[in-house]
Amino acid sequence: MKRIWIVLLLFTTLGLSGCAYHYAEEDGYRMSLINSGFPVPKNAYEIPPEECTTEIAKSAKYKLKDIGDAEGTPPADYLTEIEKWGWSEMTDKRAGHVHYFKKEGKIMSLIIQKNVFDVFQMSDNINL
């Protein structure tokens, strides 16, 4: 009987590990936790965010497999979706894999890594 439980536990663990969410454009987008006007992939999983600083008013961290490549490049369709929501990328301020977007006086920062991404709402007093 003990062997059956061990085998069952093993298969359950393997089955659950295969259910990790992957980035897929067709899954759609939803509001971020920190700014209802900034989109994040619908199936992204929230994890504890980074600490805020004087430059960062709010932060949210999400886990999502394959959201970025090895260099931290976000999917083109995600950047297009951000623009559809009314945000303009500040391409002159881009620093590597850190992207800045502006809308109605608010500045958001998006940092993409392979399987995780951060969204920051910058403080109003920051000069970019």
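Numbers here are sequence positions counted from 1. The structure presented is a predicted model; accordingly, all values stated were derived computationally and were not measured.
Here the NE2-CD1 distance, from His97 to Ile112, works out to 9.0 Å after rounding to the nearest 0.5 Å. Taken to the nearest 0.5 Å, the CD atom of Glu89 stands 6.0 Å off from the CG atom of Leu79.
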### Task
Test Ile56 against Gln121 for side-chain contact (heavy atoms from CB on, under 4.5 Å), laying out the working first.
CA-CA 6 Å; Ile56 299 170; Gln121 182 169 317; over 6 Å; no

### Task
Show the numbers, then the answer: is there a side-chain contact (heavy atoms from CB on, under 4.5 Å) between Asp77 and Glu81?
CA-CA 6 Å; Asp77 51 300; Glu81 187 69 22; over 6 Å; no

### Message
Show, in sequence, the C-alpha distance, side-chain angles and deciding distance for Val40 and Leu64, and conclude whether the side-chain contact (heavy atoms from CB on, under 4.5 Å) test is met.
### Response
CA-CA 10 Å; Val40 296; Leu64 184 59; over 6 Å; no

### Task
I would like to know whether His99 and Ile82 meet side-chain contact (heavy atoms from CB on, under 4.5 Å); could you show each step before the answer?
CA-CA 11 Å; His99 297 259; Ile82 292 170; over 6 Å; no

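Residues Ile107 and Met90 form a side-chain contact, since some pair of their non-hydrogen atoms from C-beta on lies under 4.5 Å apart. Lys58 places none of its side-chain heavy atoms less than 4.5 Å from the side chain of Leu33.
Closest non-hydrogen pair, Ser59 versus Phe120, comes out as CB-CD2, 3.3 Å. Contact between Thr54 and Ser123 at its shortest, heavy atoms only, is O-OG, 2.7 Å. The shortest heavy-atom contact between Ile67 and Gln113 is CG2-O, 3.5 Å. Across every non-hydrogen atom of Ser32 and Tyr62, the tightest pair is CA-OH, 3.4 Å. The nearest pair of heavy atoms linking Arg94 to Val98 is CG-O, 3.2 Å. Lys65 approaches Asn115 most closely through the heavy-atom pair CA-OD1, 3.3 Å.
With Phe38 as the partner, the ring pair (Phe, Tyr, Trp, His ring centres under 6.0 Å) test is satisfied by one option alone out of Trp87, Phe117, Tyr100: Trp87.
Formation of a donor-acceptor pair under 3.5 Å by the Lys103 side chain with backbone atoms of Trp85 is found in this model. Arg30 places a side-chain N or O within donor-acceptor distance of the main-chain N or O of Lys42, the cut-off being under 3.5 Å.
Classification of the Tyr78-Tyr29 ring pair by plane angle, with boundaries at 30° and 60°, yields parallel.
By the neighbour-count criterion of 12 heavy atoms within 6.0 Å, atom NZ of Lys61 is densely surrounded, having more than that number from other residues, nucleotides or ligands.
Taking 4.0 Å as the cut-off between side-chain N and carboxylate O, Lys114 and Asp69 do not count as a salt-bridged pair.
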